[in-house]
Amino acid sequence: MSGPDRPPEALPPGVLAVGLTGGIGSGKSTAAAGLARRGAVVVDADALAREVVAPGGEAYEAVLARFGRDLVGPDGQLDRARLAATVFADPAARADLEALVHPAVGARMAAARLAPRPPGSVVVFDVPLLRPAHRQLLALDLVVVVDCPPELALRRLQEGRGMAEADARSRMAAQPSREERLALADWVLDNSGRPEELEAQLDTLWAELLRRARAGSPPTA
Ligand code: ADP
């Protein structure tokens, strides 16, 4: 799949590509679901990462070769919880896993970007670890960051998702900082308030996304 040098005419016309990111517990999944309800096509990088390490997936054999065949359960599936525990404790192992998984996920996302869709479509790429390179790879028109104070994210992860505090803290610490994420944003969804307040912001964002998608569509007769 070609990258930054891909000719712009290869992109499907009238399709708006949006990157959506946010720290764990910020409300990114809630925002992605809200945009899907409004009509966006959501491409979920986490779901693609699970697919590429499933049996027959692009990275399955390479992950077993690197991390051991004993990671496979009786059902043939990779024990993702054990793999996660291994790489969480070992930065070099984590880098190895990312080097195996990220290119396959990137290729699948790039294919989704190039897929023909009806003019006026909005495609949201839900990417927990969105990097500046994704902007080029996916020819993103806009990057949206879901933001809330880290202490609030921590509380929501404990109360809403039943996560242990230490677990939530260590996952948050392994991510880019709030400032690094915000530096990527063209649009910020402030999720420090009530769920209804996020919904109101999603209405405003969605209206703007539709406007831009339609402005990029060829005029209809
Ligand atoms: P992320 O995908 O960023 O990790 P989620 O969307 O899963 O975050 O949100 C984390 C938890 O906080 C979930 O249980 C979710 O229901 C809850 N939550 C999200 N937004 C709000 C909000 N504005 N007020 C209260 N709880 C929220």
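Order of appearance sets the numbers: ligands from 1, and atoms from 1 within every ligand. Given the structure is predicted, the values throughout are model-derived calculations rather than measurements.
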Can you tell me if Gln201 and Thr204 form a side-chain donor-acceptor pair at under 3.5 Å? no
Please answer whether the main-chain N or O of Leu184 pairs with a side-chain N or O of Arg135 as donor and acceptor at a distance below 3.5 Å. yes
Could you walk me through whether Arg171 and Asp167 satisfy the salt bridge (charged side-chain N to carboxylate O under 4.0 Å, His left out) test, starting with their C-alpha distance in whole Å, then the side-chain angles of each, then the deciding distance to 0.1 Å, before giving a yes or no? CA-CA 6 Å; Arg171 281 163 190 258; Asp167 189 20; 3.2 Å; yes
First-shell residues of ligand 1 [heavy atom, distance under 4.0 Å]: Gly23, Ile24, Gly25, Ser26, Gly27, Lys28, Ser29, Thr30, Arg156, Gly160, Arg161, Asn191, Gly193, Arg194, Pro195
Is the backbone of Arg38 close enough, under 3.5 Å, to the side chain of Trp206 for a donor and an acceptor to pair up by distance? yes
Taking side-chain contact (heavy atoms from CB on, under 4.5 Å) as the criterion, tell me which of Leu130, Val127, Val18 meets it with Leu140. Leu130
Tell me whether Arg178 at atom CZ has more than 12 heavy atoms from other residues, nucleotides or ligands lying less than 6.0 Å away. yes
